[in-house]
Structures are given as C-alpha cells and as structure tokens.
Amino acid sequence: MNPQEYIRNQIQSALAQLAIPVSDIKQLNLEKPKQEAYGDLATAIAMNLAKEQKRAPRKLAEQIVSRLNLDPLYVEKAEIAGPGFINFYLAKHCLQQSVSSIVQQGAEYGRSQWGQGRSIQLEFVSANPTGPLNIVSARAAAIGDVLANCFALCGFDARREFYVNDAGRQIRLLGRSLSSRYLTALGNEQPVPEDGYHGLYLQDLALEILQRDGDRYADLSEEERDARFSALALEYMLERQKSSLDKYGVHYDLWFRESRLREGQAHRAVLEKLEKAGLSYHQDGALWFQSSKFGDEKDRVLITSAGEPTYFLIDIAYHQNKYERGFDQIIDFWGPDHHGYIDRMRAALLALGHPADSFQVSIIQQVNLLRNGQPVKMSKRAGEIIEMDELVEEVGVDASRFFFVDRRISQPLDFDIELAKKQTDENPVYYVQYAHARICNVLRYAQEQGRTLPEQADVSRLENEFELQLIKKLIDYPEVIARAAQYLEPHRIPDYLQELATVFHRFYHENRVVIDDEELSNARLLLCQAARLVLANGLKILGISAPETM
RNA sequence: GCGCCCAUAGCUCAGCUGGAUAGAGCAACGGACUUCUAAUCCGUAGGUCGUGCGUUCGAAUCGCACUGGGCGUGCCA
C-alpha cells in the first residue's frame, strides 16, 4: 500500500467513526502542499465537509485527527493548520522502505487495481482513409495511445480502436480522383474533380498501378473503373496509415470498418429499437430521431427523404456495436470540428438505454501548423498537408510524442516546423532521457568498480534532504498515472517526469553514489535503481525510448 | 443569432478540479566541472491570472456580462 492509500483509508475510517459518510471519493483528495513546511500530503476535507455538516472547519479537523490511528512508522504526525487543513508528515521509515518496494515491483511499479478488470475502449485518430495521416492525427495518436497505456496499468482491460470510414461519398470521390490520375498517366488527360483529392500521393499510386497492372483498367466503364480504383485506393491508404502509426509506436487492437456495419445492415436494429421506444417519427419524407428529448438542441435525421441512412445513424450503429461487444466504458477522441456532434451521440446512446457515464468524448484541440511563425493552411483536399511521417522523420518519434502529449488536450497546439527542428536539442524529452542515461552510467560505473548492484540495502542510511526529496517524488508516480487516466490528462506524465528528472539531477549533483562507505553506497545505488525504474516506466507509458547512454 | 474551446511571466505552458505566499521550461543576467556524463546544477530578474460584477470563511479555478482569438451550428461524410 502506498502512503496516499494508507492515509485515505485512515481518514475514511475516522469519518466513519464520526458517522459522516463520504460517497464522493473526490472529497478525499490528498494534495501535495506547495510549501514544504505544510507537510508531505494535505487534505482540505474538513473544510469541504464543514458546510454540509454545519460544523466549524477546524473543530471538524480536530475530530478527524483525534480519530486517526496512524502508524508512526508510516506517518510521523498529522497537524491541523490554517483554516482547517490537515497536514500529514510522512515518517522517514515509510519513505525509505518505498525505495526497496519500488525496486521490488520493478516494471510493475505504478500499477493499481482501480479498473478492477473493467473493459474500456479508446477510439482515436479514425482519420478518413483518403490521404496520408497528418500532424493532427499524430497528436491524437500519441494521446490515445498513452491514455490506453495508463488505463491498462490502472487495472482496466483497455482496447485501442480505429474506425475506418470506408464507405460513402468520399471514397467514391477518392476512386474518381485516382482514376483521373491513372488516365492522365496513360496520356488521356483527365482533371481531378474539383472537390476530389488533389494530393500527389494519388499520382504516385496511379503510376504504381500502371507499372503493375498496365492499361487494363482503361477500357472499363467509368462506373466500373471508379469502383475498382476506390477499392485500390482504400487499401493503399489503409496500409499507408497503418505503417505511419506503426513507425510511431501505435498499435491498434482493431481497425473497424464502416462497411462492415453497412453490409450487416446494423442500422436497422437501431431503427427498430428507437421506433419501438417511440423515439422516431416521419416528417418531410425523412425519418427523425427525437434527440432533443435527451439533451440535444434539436432532433436529427436518421433516414433522408432519399431513403439513405445518414452518417449519424451509421455512427449510432457503430457505438451500439461497441456496447454489444461488451465494453463497460467507451471513450472517443474527436477533433474540435466534431464538438457539435457530442450531444446527439450522447442522446442516441441514452435513448438506447446505455448509462450516461459509460460514454465519454474528449475533444482534442487542433494543431496549428506554423512555418517560420506563419500559419500553414492545412487542407487534405488541396494536398497541402504536412504528413505525420514527415514530422516523425524530422523530429523523431521520441520528441514528437513527448511534444504532443506534453500539453493539455483542450489546449490548441502551435507547432512551428522550423522551430521544432531548431529546438531538437532543447526539447525537454532529452532532459528526461538524459537523467535515465545518467543513472545507467552510474550503475555501470559501480559495476566497473567491482560493486554488485544491490537488491536490498540498508535504506535507513538515506536521510539527507536530496535523498528524501527524490524518494518523495518517486512515490508520487502511481497517483500521476491514475490521475492522467481518470481526468484524461496525459500531460501530467511528461510534466511529472521532468520534475523527477530535476530532483534526480539535483540529488546526483549533491551526492556521490559510488563511495567508500559501502553501506551508504549500496543504499544510494538502490535509490538510483528505483529512480531509473520510474523514469523507464514513465517513458514506456509515453512510448518513448529510455536510452542507456547519450 | 445560438453553442463549444481558449485567454496566467517577454515566449511555450503547468496550477492536482474551490484552498495556504500563483509555479516550471525556454529566452535574459550572474555563478559552479581536478569528481559516477556540464545534454547538468545553483542563484537573480520577470505577474492587474483578458476586463467588470457576483457566489463564500476563501476564486486563476465556480456563475453572469463584456473584450479578444479559434471552431462549430446540413435531410454532408
């Protein structure tokens, strides 16, 4: 049990003795005070409960503290301060023991049982298969992947999914655009449709097809040729997107195809359910869903007057399918241009009887691409995109993933290409990686000096401020991971790793590890191993390498 | 018009979901290598938390109204 859990349990049982039920775990928030003088952990729970309990905050705090049964080996003291904070001071022994504990847990350190095996699905990127992945997808990919890692570590069965819009108008247009390129390559000049896809990747593909298959598609009817090229272009794009993500270290459990839903007529079951519930109606020749009954601003069309299912209906069927596959929790990551879509999807899932909190949408704000401070207009149609591959090659997987995850999701991200190239050496990822490499070097040096890396040590020798500060930072790690998942805020991890690196560098600067006092030296070596593990575990969550030398 | 996101140090951003004296990193300035990696460390400087009301013991955080920036608002996908 880590110190945070221990203290939480203690507070909870104290409150139980006072007959104050705490339903909301958030009320039991433990924070790290800004001032070191205020202890290692603090809670504002007495103040939060004071109002509803109609008691004076400090008095309530006293009642809580007097009912705490703290093991002095764990918590040295609990103090009431200010308007009613309860400040906890961790015992040295507790801190020291955590070093052994971390080393023992190794790669498992950071794991929690919060998820209790519940299944959770994260759908992210889901870019149209009409072009190479761009820089926006790179942000979404990094975020989704890291959060999936976090959930898995928190005891969830986390699955990654990519929804492939492989049906409908844009695919036909893609086929038509490729067809034009093909015919043009054959000398029969054909303009790419104005609203088609003008990117040069289709020209490359057309030449590839021409080389492989010759002119055998030239004599097909226009309709047949478009269909043929739609299929060819689609598979090509999918492979290309997969390869980009693969290079980026993102691997999906499932690439779910929209066509699978259409072929299975999955939307019919949805229509039936909504109709049975009396939540759909006909008007103006179309079939409507009463989404306004479930919090949407107006009703939405399910079947157009032309008799076609709308994209919305298919998307409902897709989400229904997710539930049918047994997921307890569904999280979608969408672009800002889809925020208007959230209410109607939520309405549909409520109407279908799914619990409100089982479906979450997180909007990942846009990436503004700059070149020398000037905005670059991104348009898939015009083909003026900066490809994800280009970025990854220029900046590297490690730096780009770190960069994309290191900001709040809700924050738009300015990405200056030239700046990113220049800043390569200054990127904080190197700072964190350097800390890891530095530790590896110390461990290597110790072995070169004939020392054996200890599996245990007399950790009570770790007691100066630099050692203790480093330990305090190390024990924060599981909470950081859990909170990153809970709030869908992956940026907490790189932020934390930077802080950890700072504390380590300071420790390193002030304490020589390999020294004559073998007992102390071993204790510090153990501490170094613990620090290395946490850095390595954190970097692994981010999908970033942890180099042994730099 | 309506809705969503955003506004914190010169720049890029945190601020633990209402707490204690608002913090980092770059950039600037001044220090520290005879040492296990100086890709490091220490210090200095830098703030009307966009503006104004309000809610309360307490607001960068919540509410309302403004200002400014971005994006939505189809029987499109």
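Just the heavy atoms: all of them, side chains too, but no hydrogens, waters or symmetry mates, feed the values below. Quick note on labels: first sequence line is chain A, next is B, and so on, each numbered from 1.
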B:A39 OP1/OP2 closer than 4.0 Å to side-chain N/O of A:Y508: no
Whole-angstrom distance between B:C53 and B:C49, as gauged at atom P: 13 Å
Between A:N87 and A:E79, a side-chain donor and acceptor under 3.5 Å: no
For atom NZ of A:K298 and atom P of B:G72, their distance in whole Å: 16 Å
Ring pair (Phe, Tyr, Trp, His ring centres under 6.0 Å) between A:Y431 and A:H505, intermediate numbers included: CA-CA 10 Å; A:Y431 181 77; A:H505 283 312; 5.0 Å; yes
Selected nucleotide, minimal atom distance to A:H505 side chain, candidates B:G70, B:C41, B:A77: B:C41
Residue whose nearest RNA chain B nucleotide is more 5′ - A:A286 or A:G82: A:G82
P atoms of B:U67 and B:A28, separation to the nearest Å: 39 Å
Spacing of the P atoms in B:C41 and B:G50 (rounded, Å): 30 Å
Nucleotide of B:A7, B:G70, B:C76 approaching A:Q366 most closely (side-chain heavy atoms): B:G70
Flag for A:Q447-A:R444: side-chain donor and acceptor within less than 3.5 Å: no
Whole-Å P distance, B:A14 and B:C76: 38 Å
Exercise: do A:Y281 and A:Q290 side chains pair donor with acceptor under 3.5 Å: no
A:H509 side chain near B:C36 phosphate (N/O to OP1/OP2, under 4.0 Å): no
B:G15 and B:A9, which share atom name C1', separated by this distance in whole Å: 14 Å
Interatomic distance at P, B:G72 relative to B:U12, whole Å: 23 Å
Check: A:N87 side chain, B:A20 base, donor-acceptor under 3.5 Å: yes
Gap between atoms CZ and C1', on A:R408 and B:U12 respectively (whole Å): 13 Å
Rounded P spacing from B:C26 to B:U40 in Å: 7 Å
Between A:H319 and A:D332: side-chain donor-acceptor atoms closer than 3.5 Å: yes
A:D337, nearest nucleotide to its side chain (from B:A77, B:C16, B:C71): B:C71
C1' atoms of B:G18 and B:G58, separation to the nearest Å: 8 Å
Distance-only side-chain donor-acceptor flag, A:Q365 / A:R408, under 3.5 Å: no
Side-chain donor/acceptor of A:R407 to base of B:C13, under 3.5 Å: no
Paired nucleotide for B:G47 [Watson-Crick or G-U wobble; both distances under 3.5 Å]: none
Aromatic-base stack, A:Y431 on B:A39, cutoff 5.5 Å, angle under 30: no
Under-4.0 Å side-chain N/O to phosphate OP1/OP2 contact, A:K34 with B:A20: yes
A:R176 bridged to A:D195 by N-O distance under 4.0 Å: no
Whole-Å gap separating C1' (B:C13) and CD1 (A:I493): 17 Å
Assigned glycosidic conformation for B:C33 [threshold 90° from 0]: syn
Sugar-phosphate, base or nothing in reach of A:D284, heavy atoms under 4.0 Å: base
Identified pairing partner of B:C41, criterion: Watson-Crick or G-U wobble below 3.5 Å: B:G31
Sugar-phosphate, base or nothing in reach of A:D476, heavy atoms under 4.0 Å: nothing
Test ring pair (Phe, Tyr, Trp, His ring centres under 6.0 Å) applied to A:W334 and A:Y163, A:Y341, A:F124, the passing residue: A:Y341
Residue A:R169, side-chain atoms from C-beta onward, closest of B:A77, B:C36, B:G15: B:A77
Phosphate OP1/OP2 of B:G74: any A:R300 side-chain N/O under 4.0 Å: no
A:R506 side chain near B:C42 phosphate (N/O to OP1/OP2, under 4.0 Å): yes
Pair assignment for B:G63, Watson-Crick or G-U wobble, requiring both distances under 3.5 Å: B:C53
Phosphate contact (B:G74 OP1 or OP2) by A:T310 side-chain N/O below 4.0 Å: no
Presence of A:Q411 side-chain N/O under 4.0 Å of B:A14 phosphate oxygens OP1/OP2: yes
Donor-acceptor pair (no angle test) under 3.5 Å: A:H339 side chain, B:G3 base: yes
Complementary nucleotide for B:U21 - Watson-Crick or wobble, under 3.5 Å: none
Nearest listed nucleotide, side chain of A:S305, among B:C16, B:U73, B:C75: B:C75
Polar side-chain contact A:T304-B:C75 base: donor and acceptor under 3.5 Å: no
